[in-house]
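Some notes on the structure that comes next.
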Amino acid sequence: MKTILKKAGILILAAALICSVLPMRADASYELPGSWQVQADNGPAWTVKTLDYSYDHNTYLSLRDIAMVLNGTDKSFSLSIKKNSAALDTGMAYTPVGGENLPWESSENPDIALRRNEFKVNGETVYYYTIIMRLPSGYYDCFMMAADLAMILNVDITVPAAASLQINTEAAFTVSPAMLEAAGYFYGVNSVLVGDASTGEVYYQYQSDLDYPIASTTKLMTCLLTMEAASTGQITLEDQVTVSAGAQALAASDDGVIPLEAGGQVPVRELLLGALLPSSNECALCLAEYVAGSEEAFVERMNQRALELGLSRAVFFNSHGLPAYTSDPVPAKLQNRMSAEDMFRLVSYLLQVYPQITDITSQKSAVLASLGREVRNTNPLLFNLQGVTGLKTGTTNKAGACLVTSLTGDDGVMEHDLVVIVLGTEDSIERGRVSGLLARYALQAFYTGVEDTEGEGSGALKKLPVNAEAAVDCILQKARGR
C-alpha cells in the first residue's frame, strides 16, 4: 500500500508546530512582531507579518498578507475583518486595503490578546484562536497559526528554512502523527489514540496504556449507564427527575454550568443534553442520583461496568469528573482516571450499542425547554470539520484539556465511527489543534491506509472484524486478554 504522507514536508511542519507546545520563553506578555518570507508554489516570496504570542516561535501569521500571497491561485480567499470578528471566503479574490506585505512600522510589542474571536469560513462559524489588531491604515488584521490556516484551506505547508514558509496549493494537507511524535509535538500531551471504533483497529497511539485524569469525559460512562437503564426499562428518557439539594449546590458552585433549583423537575432527555453538550456537572449528578438512588451507588456501578468492559486502568469517584475530596482531616484530592486505550474501548462499545448518542453529541446547540435555556456544545471540531459527530470535552487543572472526538467514514459498504482521543493538553487552544490534526489523520488513514510503524510490512493492515457485533466482541476479548 502506498505511503500516504510526504514525510519531509510533514517533518518540517512538525518543527513549526512543536514550538506551540514546547515554550522557550516564560513571559505571558510576550508578543514580538516579526516577519516571514512566504512563497506559494513557484511564485515570488512575499513578506508576511508575524506575531510570536507568549513564547518564541509560537508564530501567528497575518491573514491579509497571506491573502495577497495566494491571490491568483486556486486557494485565494477574500477577507472581512472587524474588531472582534473575521470572515474568510475561499475562491474569492482579495482586495488590498493598504499595508499588506510590508514590514512592521514599529518593533514595540503590541498590546493584544489571543482569543477565540468570531470567525467564519464561507459563512459558517468555525472555532479557531486568533489575534485581531488595528493597523496604522485604520483597517484590522487577523493573525492565525499556519497549521490552522492550512487545515482550513486544505493545502500543504512546509518550513524550508527559518522564518520562511512554502505553500503548495496543489497538494492536500496531510498529517503524520509518528513524525510529529518524533519531533516532540506530543510532549505537551498526556496521551492520544486514533482508531476505528467499528472495527477496533488502532491507527496511532501515544502513551495510550497509561492512566490519566479524564475530567468531564467521565460523562460518557454516566451516559452509558443512563442509556442502559433506559434500554432495560428501569427508566425512560421522558421521566421527570426531581433536582436534589446536592445538585442545586453543585449548580451554584464555581463549577456550576446550568442553574438548577432543588425540587424542580427536568426530563432525563434534557439532563443528557445538559451533561453532554455544555458539560453540566449538575445534570450528570441528577442522572446518577435518579438511575442508582445516590451518587455513591452510581459510582459503584461505574466501576463495576468498567471491569465488565475490560477497562483495566479506569477508576471513578464521581459521575461528572470534577476533583473529589475525601473527608480526612487532610483531604486527598481524587480524580477519575482512565487510559486512552480504555477510553477507546468504552467509546467503541457505546457507539456500537447506543449509536443514538451521536444524535445528541452532534448538535451544536439545543434548547432545554423545562429550564427555558439554550445550551451550546463545547466541542470545537463540530464547527471545524465536516463529519464530526461528537463526543465530549473535559477540563480540570490536573487533567488538562481533554477531548474525545467521533467522526464518520464511509467505505462504500457501511459507515464507520472513527475516534480520536486526546488527554491532557496544556489548554483548550492546543486541545482543539491536536484533535483537529488527528481527526484529519483519522480520515486520511481510513481512506488511504496507515503507514507501517510496527515492522509488519509496508502498509500492512491486520485482519479486521466484518460487522459491528464482531467488532464489539473483538474489542472486549482484547480487553479481557490484557
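The structure displayed is predicted, hence computed values, not measured ones.
A heavy-atom distance below 4.5 Å is not found between the side chains of S365 and L277. Between D417 and D196, the closest side-chain pair of non-hydrogen atoms is not below 4.5 Å. V367 places none of its side-chain heavy atoms less than 4.5 Å from the side chain of R373. Contact of the R337 side chain with the F316 side chain is not registered, since no non-hydrogen atoms from C-beta on lie closer than 4.5 Å. A 4.5 Å side-chain heavy-atom check between T125 and F119 finds every atom pair outside the cut-off. Between P103 and K49, every side-chain heavy-atom pair lies at or beyond the 4.5 Å cut-off. Side-chain atoms of F446 and H416, non-hydrogen and from C-beta on, do get closer than 4.5 Å to each other. Counting only heavy atoms from C-beta outward, the side chains of T396 and Q335 approach each other to under 4.5 Å.
D141 places no side-chain N or O within donor-acceptor distance of the main-chain N or O of S62, the cut-off being under 3.5 Å. Side-chain atoms of N281 never come within 3.5 Å of backbone atoms of A284 as a donor-acceptor pair (strictly under, hydrogens ignored). In this structure a side-chain-to-backbone donor-acceptor pair under 3.5 Å is missing from D156 to N168. Looking only at distances, a side-chain donor or acceptor of K75 sits under 3.5 Å from a matching main-chain atom of L153. Side chain of H320 to main chain of L322: a donor-acceptor pair is present (N/O by atom type, distance under 3.5 Å, no hydrogens or angles). At distances below 3.5 Å, not a single donor-acceptor pair connects side-chain atoms of E124 with backbone N or O atoms of K120. No side-chain donor-acceptor contact under 3.5 Å links S435 to the backbone of L403. With hydrogens and angles disregarded, no donor-acceptor distance shorter than 3.5 Å links the side chain of D410 to the backbone of E415. Listed for the S78 side chain is no donor-acceptor partner under 3.5 Å among the backbone atoms of A93. In terms of modelled atom types and a separation under 3.5 Å, the side chain of D52 and the main chain of H57 share a donor-acceptor contact.
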| task | Might you work through the side-chain hydrogen bond (donor to acceptor under 3.5 Å, both in side chains) test for S428 and Y129, ending with a clear yes or no? | result | CA-CA 10 Å; S428 59; Y129 284 83; 3.0 Å; yes
Carefully, step by step, assess V202 and L193 under the rule side-chain contact (heavy atoms from CB on, under 4.5 Å).
-> CA-CA 7 Å; V202 173; L193 187 147; 4.1 Å; yes
Next on the checklist: Test side-chain contact (heavy atoms from CB on, under 4.5 Å) on Y94 and L79; report intermediate values, then the result.
Outcome noted: CA-CA 7 Å; Y94 176 71; L79 284 171; 4.0 Å; yes
| message | Determine whether T358 and T389 satisfy the following criterion, side-chain hydrogen bond (donor to acceptor under 3.5 Å, both in side chains), listing intermediate values before the conclusion. | response | CA-CA 6 Å; T358 59; T389 58; 5.1 Å; no
(Q) Quick one, R115 with N84, criterion side-chain hydrogen bond (donor to acceptor under 3.5 Å, both in side chains). Give me CA distance, side-chain angles, the key distance, then yes/no. (A) CA-CA 9 Å; R115 300 177 53 194; N84 296 308; 2.9 Å; yes
Candidate pair E201 and V450, rule side-chain contact (heavy atoms from CB on, under 4.5 Å), full reasoning
CA-CA 11 Å; E201 182 186 7; V450 295; 4.2 Å; yes
| query | Does the side-chain contact (heavy atoms from CB on, under 4.5 Å) test come out yes or no for V434 and V189, once each step is laid out? | reply | CA-CA 9 Å; V434 173; V189 182; 4.3 Å; yes
request  = Take Y204 and F186, measure what ring-ring contact (aromatic ring centres under 6.0 Å, His included) needs, and give me the verdict at the end.
outcome  = CA-CA 12 Å; Y204 174 78; F186 297 119; 5.8 Å; yes
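In terms of heavy atoms, Y60 sits closest to M145 at CD2-N, 3.3 Å. In this structure, T218 and A215 approach most closely via the heavy-atom pair OG1-O, 2.7 Å. Closest of all the heavy-atom pairs between L220 and L350 is O-CD2, 3.9 Å. Closest of all the heavy-atom pairs between I421 and A340 is CD1-O, 3.5 Å. The nearest pair of heavy atoms linking K219 to A275 is CD-O, 3.1 Å. Taking all atoms of both residues into account, the shortest heavy-atom contact from T408 to L443 is O-CD2, 3.8 Å.
Looking at D342 and R313, no side-chain N of the basic residue comes within less than 4.0 Å of a carboxylate O on the acidic one, giving no salt bridge. Remark: R345 engages E341 in a salt bridge, criterion side-chain N to carboxylate O under 4.0 Å.
To the nearest 0.5 Å, atom CG of residue L272 and atom CE of residue M227 are 6.0 Å apart. Atom-to-atom distance recorded for L224:CG and L309:CG is 6.5 Å, nearest 0.5 angstrom. Rounding to the nearest 0.5 angstrom, the gap separating the CG atom in L368 from the CD atom in E374 is 9.0 Å. From T130, atom OG1 reaches atom CG of L88 across 11.5 Å, with rounding to the nearest 0.5 Å. In this structure, SG on C223 lies 6.0 Å from CD1 on I360, to the nearest 0.5 angstrom. Separation of atoms OG (S85) and OH (Y140) is listed at 10.0 Å; rounding is to 0.5 Å.
In this pair, Y441 and Y203 present their aromatic rings perpendicular. The plane angle is above 60°, beyond the 30 to 60° band.
Within 6.0 Å of CZ on F383 lie more than 12 heavy atoms contributed by other residues, nucleotides or ligands. Heavy atoms of other residues, nucleotides or ligands lying less than 6.0 angstrom from CD of E170 number 12 at most. Around atom CG of D41, more than 12 heavy atoms belonging to other residues, nucleotides or ligands sit under 6.0 Å away.
Residues N377 and T361 bring no donor and acceptor atom of their side chains to less than 3.5 Å of each other. A donor atom on one side chain and an acceptor atom on the other are not found under 3.5 Å apart for T73 and T169. When only modelled atom types and interatomic distance are considered, S216 and K392 share no side-chain donor-acceptor pair under 3.5 Å. Using a 3.5 Å distance cut-off with no hydrogens or angles, the side chains of R431 and T395 do pair a donor with an acceptor. For the residue pair Q37 / T47, a side-chain donor-acceptor distance below 3.5 Å is found, with atom types taken as modelled.
Taking the centre and axis of the six-membered ring of Y128, the NZ or CZ atom of R116 falls outside the cone set by 45° and 6.0 Å.
Partner of M144 under the side chain to side chain contact (heavy atoms under 4.5 Å, CB included) criterion, chosen from I66, L63, I131: L63.
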